[in-house]
Trainee: 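After the C-alpha cells below, expect a handful of questions from me.
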Protein chains: 2
Amino acid sequence: MSTSDRLIESAQDLLWERGYVGTSPKAIQQRAGAGQGSMYHHFTGKADLALAAIRRSAAEMRAAAEEQLSAPGSATDRISAYLRRERDVLRGCPIGRLSQDPDIVADAHLRQPVDDTFAWLRGRLAEILTDGQARGEFDHALDPDDTAATIVAVLQGGYVLARAADSADHFDTAIRGLLGLLGRAGGSAR
Amino acid sequence: MSTSDRLIESAQDLLWERGYVGTSPKAIQQRAGAGQGSMYHHFTGKADLALAAIRRSAAEMRAAAEEQLSAPGSATDRISAYLRRERDVLRGCPIGRLSQDPDIVADAHLRQPVDDTFAWLRGRLAEILTDGQARGEFDHALDPDDTAATIVAVLQGGYVLARAADSADHFDTAIRGLLGLLGRAGGSAR
DNA sequence: GTCTATATAGTGATAGAC
DNA sequence: GTCTATCACTATATAGAC
C-alpha cells in the first residue's frame, strides 16, 4: 500500500474515533508511519487529507449498505436485513459522527460527502419503500420519503443512545421499536 | 450573576457549539470575561467545569421536555407536542452531541449525566406510551420501551440529518415519518 | 518522495502577587 | 477571588537538505 493510501486510511480511523477537531496531522502521520514532509507532499494540509478520507469512508458506507439493500427478497426483508446487520455500534457511524463536528459543518467542501451520503441513503430507502407499497407490503398512506428519513434517523440516533449508555443494546432496542412500527404499517397484502 | 455561573454558562454554550475536544479553557474564560486564575479558583480544571456545565444542560433539557410531556391531553397529543416543539435544530442537541465526543465517552463521570438524561427520557416516554395503550390510543402489541427508544433515536438522528444537510427541513421530515408510523399503530379506540 | 529543522500560535495548568 | 507571568507541550504548518 502506498504512503498516500496509508495516510488516508489512518485519517479515516482517527476521524471515526476522534472527529476532525480531535485529530491532529501528527497523530495521522504517526499511525501511518510517515513523516511530516510525506504528508505535506501528498496533501496540502489537514483539511485536504480529511476530505480524501471522508470521501473514501462515504464510498465504503454506501457499498456496505447497498449489499443489504440490493439483496433479493421483499422490501421488508431488505430493510430489516440492513437495519439488523452486524455493526460496530459503540464506534458510532463514521459518516454520521462528522455531522457533529463544527469544522466539518462549517466547511461546505468537507460537509458535501456527508450530505451526499445521507441523501443517497434516504433516496435508496424511499425507492424500496415505494416498491414495497406496490407489492402490498406497506400501507399506501405511508409517505416513502418521510419514512425513509425516519429509518435513517433511527439508525443515527441509535448510535447516539448506545454511546451515551456505553451499551450496544440501546441501539438494538431502538431498531426493534422501529421494526415494530413498520410491521404495523402493513398494506393490503396482510 | 456570579463569575462561577458565567463560566458555567459559557462552557455550556461552547460545549454545545464545539464539543469538549473542541473547547479550550481559554475560550471559556474569554466568553465569560474571566481570567485564568478565576477559573482555576472555582474549578479544578477543564473536566471539572465541563461536568458542571453538562449537569446544568441536562437539567435544562429535562425541564424543557417535561413541559410538553406533562401537559394535559392524550398520550398522542403530548408526544406529538414534544416532537414538534420549537427547536434550534441546526445547533443540534446539547446533550446528544456529547455522545460523539471521545473524551466524554471515555470518562465515566462526564458521560453519566448524558446517560442519565436519555434513560430518564426513554422512561418518561415509555410511561406515556403505556398510558396511551390503557386509553386505547395505541395497539397493545406495541412495546413501550422499544418504541420510546425509537422516538428518542428519531429526534437524535433528526439532528444528524439536519446538520449534515445544513437544513432543518430534514429534521421535520424524519419527525413527520415517525408520527405517520405512530398514527398507524392505533389501538382499539380508532 | 521522504527526512529533519524551525516557526508561530494555542493548550491546559501552576505560581505567586494583589 | 482575581490578576498576570510563566511553563512544558501540542497543533499546523513551512523550508530546505537528501
Side-chain angles (χ1 to χ4, degrees), chain A residues 1-56 97-98 100-111, chain B residues 1-56 97-98 100-111:
Chain A
M1 191 163 49
S2 72
T3 300
S4 169
D5 276 329
R6 285 206 318 283
L7 283 165
I8 291 176
E9 210 169 87
S10 300
Q12 284 183 275
D13 287 348
L14 284 166
L15 284 176
W16 192 355
E17 201 177 309
R18 303 198 41 86
Y20 184 83
V21 168
T23 298
S24 70
K26 191 180 194 176
I28 299 172
Q29 294 151 23
Q30 286 178 336
R31 182 177 290 223
Q36 299 254 54
S38 206
M39 183 193 125
Y40 286 101
H41 171 74
H42 292 286
F43 304 94
T44 66
K46 177 180 173 178
D48 188 40
L49 171 50
L51 184 56
I54 293 170
R55 285 187 175 145
R56 190 175 289 186
R97 80 109 49 240
L98 300 175
Q100 300 304 316
D101 211 304
D103 291 0
I104 299 275
V105 170
D107 182 325
H109 291 97
L110 291 175
R111 189 173 56 74
Chain B
M1 192 163 49
S2 73
T3 300
S4 169
D5 276 330
R6 284 206 321 280
L7 283 165
I8 291 176
E9 210 169 86
S10 299
Q12 285 183 275
D13 287 349
L14 283 166
L15 285 176
W16 192 355
E17 200 177 309
R18 303 199 42 85
Y20 184 83
V21 168
T23 298
S24 70
K26 190 179 194 175
I28 298 172
Q29 293 151 24
Q30 286 178 335
R31 182 177 291 223
Q36 298 255 55
S38 205
M39 184 192 123
Y40 285 100
H41 171 75
H42 292 286
F43 304 95
T44 67
K46 177 180 173 177
D48 188 40
L49 171 50
L51 183 56
I54 293 170
R55 285 186 175 145
R56 190 176 289 186
R97 80 114 42 245
L98 300 175
Q100 300 303 317
D101 212 303
D103 291 1
I104 298 276
V105 170
D107 182 325
H109 291 96
L110 291 175
R111 189 173 56 75

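Reminder, nothing fancy here: chain letters follow the sequence lines and each chain counts from 1. These values consider heavy atoms only, across backbone and side chains, with no hydrogens, waters or symmetry-generated copies.
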Trainee: Can you sort out which residues in residues 8-19 of chain A have a heavy atom within less than 4.0 Å of DNA chain C? Ascending by number, please.
Mentor: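 Of all residues in residues 8-19 of chain A, none places a heavy atom under 4.0 Å from DNA chain C.
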Trainee: Does the side-chain contact (heavy atoms from CB on, under 4.5 Å) test come out yes or no for B:Ile104 and B:Ile54, once each step is laid out?
Mentor: CA-CA 10 Å; B:Ile104 298 276; B:Ile54 293 170; 3.7 Å; yes
Trainee: What pairs of residues pass the side chain to side chain donor-acceptor pair (under 3.5 Å) test when at least one of them lies in residues 1-15 of chain A, not counting sequence neighbours?
Mentor: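 Passing the test, one end in residues 1-15 of chain A: A:Ser2-A:Asp5, A:Asp5-A:Arg56, A:Gln12-A:Ser57, A:Gln12-A:Glu60.
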Trainee: What string of B, S and - do you get for nucleotides 5-11 of chain D 5' to 3' if you count protein non-hydrogen atoms under 4.0 Å?
Mentor: ------S
Trainee: Distance-only check: which donor-acceptor pairs under 3.5 Å involve side-chain atoms of residues 15-26 of chain A, not counting sequence neighbours?
Mentor:
residue : atom : partner  : partner atom : Å
A:Trp16 : NE1  : A:Arg91  : O            : 3.0
A:Trp16 : NE1  : A:Gly92  : O            : 3.0
A:Arg18 : NE   : A:Gly22  : O            : 3.0
A:Arg18 : NH1  : B:Asp103 : OD1          : 3.3
A:Thr23 : OG1  : A:Leu14  : O            : 3.2
A:Thr23 : OG1  : A:Gly19  : O            : 2.6
A:Ser24 : OG   : A:Ala27  : N            : 3.1

Trainee: What are the 5'-most and 3'-most nucleotides of DNA chain C lying under 4.0 Å from any heavy atom of chain B?
Mentor: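 Both ends considered, the range comes out as C:dT11 to C:dT14.
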Trainee: Rounded to the nearest 0.5 Å, what separates atom CG in A:Asp48 from atom CZ in A:Phe43?
Mentor: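 A:Asp48 atom CG to A:Phe43 atom CZ measures 6.5 Å (nearest 0.5 Å).
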Trainee: Is the side chain of B:Arg97 donor-acceptor paired with the backbone N or O of A:Gln100 at a distance under 3.5 Å, no angle test?
Mentor: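 Yes; at least one donor-acceptor contact below 3.5 Å.
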Trainee: Any side chain to side chain donor-acceptor pair (under 3.5 Å) involving residues 28-42 of chain B? Give me the pairs, sequence neighbours left out, ordered by first then second residue.
Mentor: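 Qualifying pairs, neighbours excluded: B:Gln29-B:Gln36.
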Trainee: If the test is side-chain contact (heavy atoms from CB on, under 4.5 Å), which one of B:Thr44, B:Ile8, B:Leu110, B:Asp107 qualifies with B:Leu51?
Mentor: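 For B:Leu51, the side-chain contact (heavy atoms from CB on, under 4.5 Å) test succeeds with only one of B:Thr44, B:Ile8, B:Leu110, B:Asp107, which is B:Leu110.
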